[in-house]
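Here's the structure we're looking at; comments come further down.
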Amino acid sequence: MAAAPACLQLNAKPFSSFLSPNPISKHTPKVGRISCSAASPSKRYSITLLPGDGIGPEVISVAKNVLNLAASIDGIEFKYEEVPIGGAALDLTGVPLPDETLLSAKQSDAVLLGAIGGYKWDKNEKHLKPETGLLKLREGLKVFANLRPATVLPQLVDASTLKREVAEGVDLMVVRELTGGIYFGKPRGFGTNENGEEIGFNTEVYAAYEIDRIARVAFETARKRKGRLCSVDKANVLEASMFWRKRIMEIALEYPDVELSHMYVDNAAMQLIRDPKQFDTIVTNNIFGDILSDEASMITGSIGMLPSASLGESGPGLYEPIHGSAPDIAGQDKANPLATVLSAAMLLKYGLGEEKAAKRIEDAVLDTLNRGFRTGDIYSTGTKLVGCKEMGEEVLKSVDSQVPSPV
């Protein structure tokens, strides 16, 4: 079985340990008495499931099954609460993030999200768009650090749109600031200018503490990888970026062992295509990170392969695939569930500290790919085309094969 790539082997030490002087863990194991799994449950965690829209329910179903099997081997049991968000919540309750959904998420040990959005709600007013529900969820959970790995797996190098010699060996991490910047800055809105013309406006604004905390996450992440951090901004034009660079350079003094570089966002977008292997860890603001991480995903061959983790100083993290809801293939058993499965592995690693169970899932995904199974987005001649459900079944087989045989 192939070894897990570096981006899936990051040290799982909670980021709260260096963001807060007195981190409080809410993941104290509880004793269980059920004995129907490979090991009697000794730990229980509560997970909020947010299937969402489009292919979300399909991929969440697969990930839930994989989570259960992988964790049960180590005596871990989950209590799930499934609640609506996005378009599904709009149809049920009239709002994209019901109070009950946010409360469930806050009270859980971790949150696993499928996908949100769809053509059906595209013409809604902003406060009634599915995406508003996700933004409010991130804000409500106070998750400010979004980790998005982009690794070209050896099994999928030919699925990349880049030449093999460019794509092979790419292994980078985008650390995106998630709760500040132009997506949340005020003032924002619509109005008229001095000439009476209609205008729309937003504000890119960052406070020092917002930059400092994401910088520390990025430096810690780089330290656990290859020790190189590239900060991406637009400091030649934007005052907010000038301030960003100033604060990044200040925090860099705390990490003399990490090599820091700076790059303008337009150049970074070009360099990701020209020579992606030059990057190890990238840190950037909300909007630049949104764009660059999606660009990086296509280097890997498919956006359907990439997980993400959104973390705060305390409380539950939010784990989700970076792909969208893909309404054009929803309900057709065509979705690739692996990004959500790998998001579940990140949940185990970063959210619960259950590294063994997380690695079991990562290894199972690699084994499934090694055995030639592919959904349509990563299919190539000579491999076996399967649907979402069958891909999930094959991952389960790979997880099950790791269970020690009774003596």
Side-chain angles (χ1 to χ4, degrees), residues 10 14-16 18-20 48 50 52 85-86 96-97 102 105-106 110-117 129-150 172-186 188 202-222 229 231-233 240-241 243-244 247-248 251 265 268 281-297 303 306-324 339 343 346-347 350-351:
L10 286 173
F15 285 124
S16 60
F18 57 87
L19 292 169
S20 173
T48 293
L50 304 174
I85 190 174
L97 181 67
L102 181 57
K106 285 182 174 181
V111 182
L112 185 62
L113 171 70
I116 61 162
K129 286 183 177 292
E131 294 78 8
T132 299
L134 179 57
L135 292 176
K136 287 184 175 296
L137 176 65
R138 291 170 176 167
E139 189 174 26
L141 292 177
K142 298 180 180 178
V143 289
F144 65 86
N146 183 230
L147 276 64
R148 293 188 172 189
L172 61 90
M173 175 76 80
V174 178
V175 180
R176 169 191 173 193
E177 199 290 322
L178 200 58
T179 57
I182 201 167
Y183 289 175
F184 294 93
K186 294 179 181 178
R188 61 188 300 158
N202 295 87
T203 302
E204 169 75 356
V205 57
Y206 272 106
Y209 81 92
E210 293 176 301
I211 303 172
D212 292 356
R213 64 185 183 180
I214 194 66
R216 289 192 174 97
V217 169
F219 277 107
E220 290 285 340
T221 301
L229 178 64
S231 175
V232 174
D233 57 39
S241 276
F243 185 59
W244 174 281
R247 295 309 310 167
I248 294 289
I251 301 301
V265 64
T281 306
I282 294 172
V283 63
T284 190
N285 69 12
N286 204 340
I287 189 169
F288 296 163
D290 193 3
I291 296 166
L292 293 178
S293 59
D294 278 4
E295 180 186 5
S297 74
I303 200 170
L306 299 187
S308 75
S310 300
L311 310 172
E313 294 186 37
S314 62
L318 173 63
Y319 305 85
E320 58 180 307
I322 76 167
H323 62 66
S343 295
M346 294 187 83
L347 180 156
Y350 295 111

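- Between L347 atom CG and L113 atom CG the span is 11.5 Å, to the nearest 0.5 Å.
- Atom CZ of R176 is separated from atom CD1 of I214 by 10.0 Å, given to the nearest 0.5 angstrom.
- Between S310 and N146 the shortest heavy-atom distance is OG-ND2, 3.0 Å.
- For the pair L50 and L97, the minimum side-chain heavy-atom distance is 4.5 Å or more.
- Between N285 atom CG and S231 atom OG the span is 9.0 Å, to the nearest 0.5 Å.
- Closest non-hydrogen pair, I116 versus P130, comes out as CD1-O, 3.3 Å.
- Between I303 atom CD1 and H323 atom NE2 the span is 8.0 Å, to the nearest 0.5 Å.
- Shown here are the ring-ring contact (aromatic ring centres under 6.0 Å, His included) partners of Y206, two or more places apart in sequence or in another chain: W244.
- What you find for M173 and P149 is that their closest heavy atoms are SD-N, 3.4 Å.
- For the atom pair CD1 of I182 and CG of N286, the computed distance is 9.5 Å after rounding to the nearest 0.5 Å.
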Worked check of side chain to side chain contact (heavy atoms under 4.5 Å, CB included) between L134 and L318
CA-CA 10 Å; L134 179 57; L318 173 63; 4.2 Å; yes
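- Between F184 and L178, the shortest heavy-atom contact is CE1-O, 3.4 Å.
- In this structure S241 satisfies the side-chain contact (heavy atoms from CB on, under 4.5 Å) test together with D233, K234, A235, L238, F288, sequence neighbours excluded.
- Atom CG of L141 and atom OG of S314 lie 10.5 Å apart (nearest 0.5 Å).
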List the steps, then state whether side chain to side chain contact (heavy atoms under 4.5 Å, CB included) holds for K136 with T132.
CA-CA 6 Å; K136 287 184 175 296; T132 299; 3.8 Å; yes
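- Remark: the backbone N or O of V232 is paired with a side-chain donor or acceptor of T284 at under 3.5 angstrom.
- At least one donor-acceptor pair closer than 3.5 Å links the side chain of S308 to the backbone N or O of E320.
- Of the possible polar contacts, one joining the R188 side chain to the Y183 backbone as a donor-acceptor pair under 3.5 Å is found.
- When atom types are taken as modelled, the side chain of T203 and the backbone of G185 share no donor-acceptor pair closer than 3.5 angstrom.
- For E177, there are no salt bridge (Lys or Arg N to Asp or Glu O under 4.0 Å) partners at least two apart in sequence or on another chain.
- Contact check for L311 versus Y319: side-chain heavy atoms found under the 4.5 Å cut-off.
- Summarising the geometry of M346 relative to A309, their closest heavy-atom pair is CE-CB, 3.7 Å, with the distance given to 0.1 Å.
- The shortest heavy-atom contact between T281 and A218 is CG2-O, 4.1 Å.
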